[in-house]
Amino acid sequence: MRLTRYFLPVLKEDPAEAQIVSHRYMLRAGMIKQQSSGIYSWLPLGYKVLRRIEQIVHEEQIRAGHIPLLMPTLQSADLWRESGRYDDYGQEMLRIKDRQEREMLYGPTNEEMITDIFRSHVSSYKDLPLTLYHIQWKFRDEMRPRFGVMRGREFLMKDGYNFDVDKEAALHAYNRHMVSYLRTYERMGLTAIPMRADSGPIGGDDTHEFLVLASTGESEVFYDSAVTELKLGQREVNYDDRAAVAAICKEFTTLYARTDETHKEDLFNQIPEGRRKVGRGIEVGQIFYFGTKYSEPMKATVQNADGSILPVHMGSHGIGVSRLLGAIIEASHDDKGIIWPEGVTPFHIGIVNLKQGDAEADAACDAIYKAVTAIDLEPLYDDRDERAGGKFATMDLIGLPWRITVGPRGLKNGVVELTSRRTGASEEMSPELAVARLANIYAGI
RNA sequence: CGGAGUGUAGCGCAGUCUGGUAGCGCACCUGCUUCGGGAGCAGGGGGUCGGAGGUUCGAAUCCUCUCACUCCGACCA
């Protein structure tokens, strides 16, 4: 993409309403525009990152054997009366009437609807296990929206639901989600720690929240610092192997890590003192096992091999997709702007032409653009007739992890500069080598 | 929902107390000079001062009502 043909409304100054760094940078980098309290338009750059994050979530869910579908944002109140949550959910639920005076609601979550789909089509234990998920906009009429997309009223969430024949099978689904989530967050350059949590209005027995450590997080967290060293890495996971999946969960949940909701001072004090940490975290996902809480009232049952009719065991599993943008920026930025991890960056490489209109510089940029595109990387070429300082400032703000700088001075010696946004380190090399280096950097991401 | 604030040009703000018909910086447009970390000079465009009503010869400014947004707190992906 050439910047002169793109839509990137960057701001030089901080918008007054933005208090935390991710919100400020998302506004300044032209990623979002607020339309109403807690409701945002996603401008092209923000939308691009949102789609990349969504894509990673899809890939990891499908890898774990979970099946995507799409349910509507608007739901019928009757469905929620069946589970008893129409009255329980309270003011957070946006209730709407259609022209026939039918009571509708903008879905804050989809347990009822997915259960309805399940019971309409599944009646045998042979169809289990089954995990369905979607990535869809949700609406929760928060008392107090804040921090940009971190606590919006309208937000994009991945929510998945497992249906299993018994508790043991459902807990395997729970574990499968935990592992797939760990991989999902790692691919986004995040360290998200699973922490034992409270179940809240969703209800349930077993639940973990995934928290990204950040000083601006809304939750207070207590943890053993060794937990931040754990990495799933590139290891192969067989998601059908119950023991193997459970072993990974054990590895990631044995060390002490809890939010203030479940914190136990005596257990915390057993951690060696140097590793005892108190901090703040951003919740980016949560997994629940809730048994037959919905399947019983809503009659989602299967017939078992012995002929008996059993309510299915369920769980629900969520990732705050739009919130992740904020969380990633909170975890990865400096005083100049965002620093995107390679896995989610909106463009793989920024090309800065220091002397727009100079035949040699223009030609070199065009050649790099073509070469990068040819290896399936997406460049953003700043071809504006701007001074160097302005171009660098824009690139730093929007946070592309790699930049190639092209100027007449370097071209005289046949070199361009390859610069890491994260470290600031620059290296001179031929354009061909720079492109090869990029191919290498992005291989496997 | 309780408490505290703010609405003036795309963004950041001054002007409001003490009424006299709107200004600054950035951004934008034109020209010239500049050009490796947010340039300089000159010229220019853009605002029913959140909305409605009222007081007044006259309202961004005073009064009443209203809407929106932000921050702190209790709840949540």
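Every heavy atom of this structure was used, including side-chain atoms; hydrogens, water molecules and symmetry mates were not. Quick note on labels: first sequence line is chain A, next is B, and so on, each numbered from 1.
Put simply, K12(A) has no side-chain N or O that comes within less than 4.0 Å of OP1 or OP2 on C26(B). At the phosphate of G36(B), neither OP1 nor OP2 sits under 4.0 Å from any side-chain N or O atom of R409(A). Taking side-chain N and O atoms only, S37(A) has a distance below 4.0 Å to OP1 or OP2 of U70(B).
With G36(B), A77(B), A74(B) as the choices, the nucleotide that has an atom nearest any side-chain atom of A388(A) turns out to be G36(B). Listed nucleotides C35(B), A77(B), G38(B) differ in distance to R387(A); the shortest reach to its side chain belongs to C35(B). With distances taken from any side-chain atom of Q34(A) to the nucleotides U70(B), U34(B), C75(B), the minimum falls on U70(B). The side chain of R144(A) lies closest to A74(B) when the candidates are A77(B), C11(B), A74(B). Taking only side-chain atoms of E13(A), from C-beta outward, the nucleotide of G38(B), G36(B), G12(B) with the closest atom is G12(B). Counting only heavy atoms from C-beta on, A16(A) has its side chain closest to G12(B) among C75(B), G12(B), C69(B).
Atom-to-atom, NZ of K391(A) to C1' of G37(B) comes out at 13 Å; the value is rounded to the nearest Å. One can place NE2 of H177(A) at 15 Å from C1' of A77(B), the figure rounded to the nearest angstrom. Atom CZ of R146(A) and atom P of C72(B) are 6 Å apart (whole Å). Atoms CD (E142(A)) and P (A77(B)) sit 9 Å apart, rounded to a whole Å. Spacing between atom CG of L27(A) and atom P of A27(B) amounts to 19 Å, rounded to whole angstrom units. The separation between I39(A) atom CD1 and A68(B) atom C1' is 13 Å, rounded to whole Å. Here G25(B) presents its C1' atom at 15 Å from CG of L11(A), a figure rounded to the nearest Å. Atom-to-atom, CZ of R24(A) to C1' of C11(B) comes out at 15 Å; the value is rounded to the nearest Å.
A donor-acceptor contact closer than 3.5 angstrom is absent between the side chains of S420(A) and R403(A). Under 3.5 Å, the side chains of D159(A) and Y161(A) contain a donor-acceptor pair of N or O atoms. Of the N and O atoms on the side chains of S76(A) and E103(A), not one donor lies less than 3.5 Å from an acceptor on the other residue. Judged purely by distance below 3.5 Å, without hydrogens or angles, the side chains of N162(A) and H317(A) pair a donor atom with an acceptor atom. A side-chain donor from one of N353(A) and Y381(A) sits under 3.5 Å from a side-chain acceptor of the other.
G51(B) and C32(B) have their P atoms separated by 41 Å, with the value rounded to a whole Å. Rounded to whole Å, the C1' atom of U48(B) lies 16 Å from the corresponding atom of G53(B). Separating the C1' atom of C65(B) from that of U55(B) is a span of 15 Å, rounded to the nearest Å. G46(B) and G10(B) have their C1' atoms separated by 10 Å, given to the nearest Å. Rounded to whole Å, the P atom of G20(B) lies 11 Å from the corresponding atom of A59(B). A gap of 38 Å separates the P atoms of A27(B) and U18(B), to the nearest Å.
The aromatic rings of W80(A) and Y89(A) sit perpendicular to each other, their planes meeting at more than 60°, with 30° as the lower class boundary. Using cut-offs of 30° and 60° for the angle between ring planes, the H58(A) and Y133(A) rings count as tilted. Note: F268(A) and H263(A) have perpendicular aromatic rings, judged against thresholds of 30 and 60 degrees for the angle between ring planes.
Residue contacts for G152(A): at a heavy-atom cut-off of 4.0 Å it reaches a base atom on one of the strands shown. Residue contacts for G407(A): at a heavy-atom cut-off of 4.0 Å it reaches a base atom on one of the strands shown. Within 4.0 Å of G390(A), counting heavy atoms only, lies at least one base atom of the nucleic acid. As judged by a 4.0 angstrom heavy-atom cut-off over every strand, E283(A) is placed among residues touching the sugar-phosphate backbone only. No engagement by D159(A) is indicated, since no non-hydrogen atom pair under 4.0 Å with the nucleic acid exists. Residue contacts for E17(A): at a heavy-atom cut-off of 4.0 Å it reaches the sugar-phosphate backbone alone, with no base atom in range. If you check every strand for non-hydrogen atoms under 4.0 Å, R153(A) touches nothing. Within the nucleic acid shown, S322(A) has no heavy atom closer than 4.0 Å to any nucleic acid atom. In this structure, G410(A) reaches the bases: a heavy-atom distance under 4.0 Å links it to at least one base atom across the strands shown. Residue-level contact check: Q19(A) touches the backbone only, with heavy atoms under 4.0 Å from sugar-phosphate atoms and none from bases. Across all strands shown, Q91(A) has no heavy atoms under 4.0 Å from either base or sugar-phosphate atoms. Within the 4.0 angstrom heavy-atom criterion, base atoms lie near R403(A). Residue contacts for M143(A): at a heavy-atom cut-off of 4.0 Å it reaches a base atom on one of the strands shown.
By the 5.5 Å and 30° criteria, F392(A) is not stacked with the base of G38(B).
A residue-by-residue look at E209(A) and K355(A) shows that K355(A) has its nearest nucleotide of RNA chain B further toward the 5' end. Between M150(A) and L411(A), the residue anchored nearer the 5' end of RNA chain B, judged by the nucleotide with its closest heavy atom, is L411(A).
C41(B) and G31(B) make up a base pair, with Watson-Crick or G-U wobble contacts both under 3.5 Å. With both pairing distances under 3.5 Å, C11(B) is matched to G25(B) as a Watson-Crick or G-U wobble pair.
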Evaluation steps, ring pair (Phe, Tyr, Trp, His ring centres under 6.0 Å), between F210(A) and Y181(A): CA-CA 8 Å; F210(A) 291 79; Y181(A) 280 22; 5.5 Å; yes

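Checked by distance alone, E386(A) brings no side-chain donor or acceptor within 3.5 Å of a matching partner on the base of G38(B). Below the 3.5 angstrom threshold, one finds no donor paired with an acceptor across the side chain of D14(A) and the base of G12(B).
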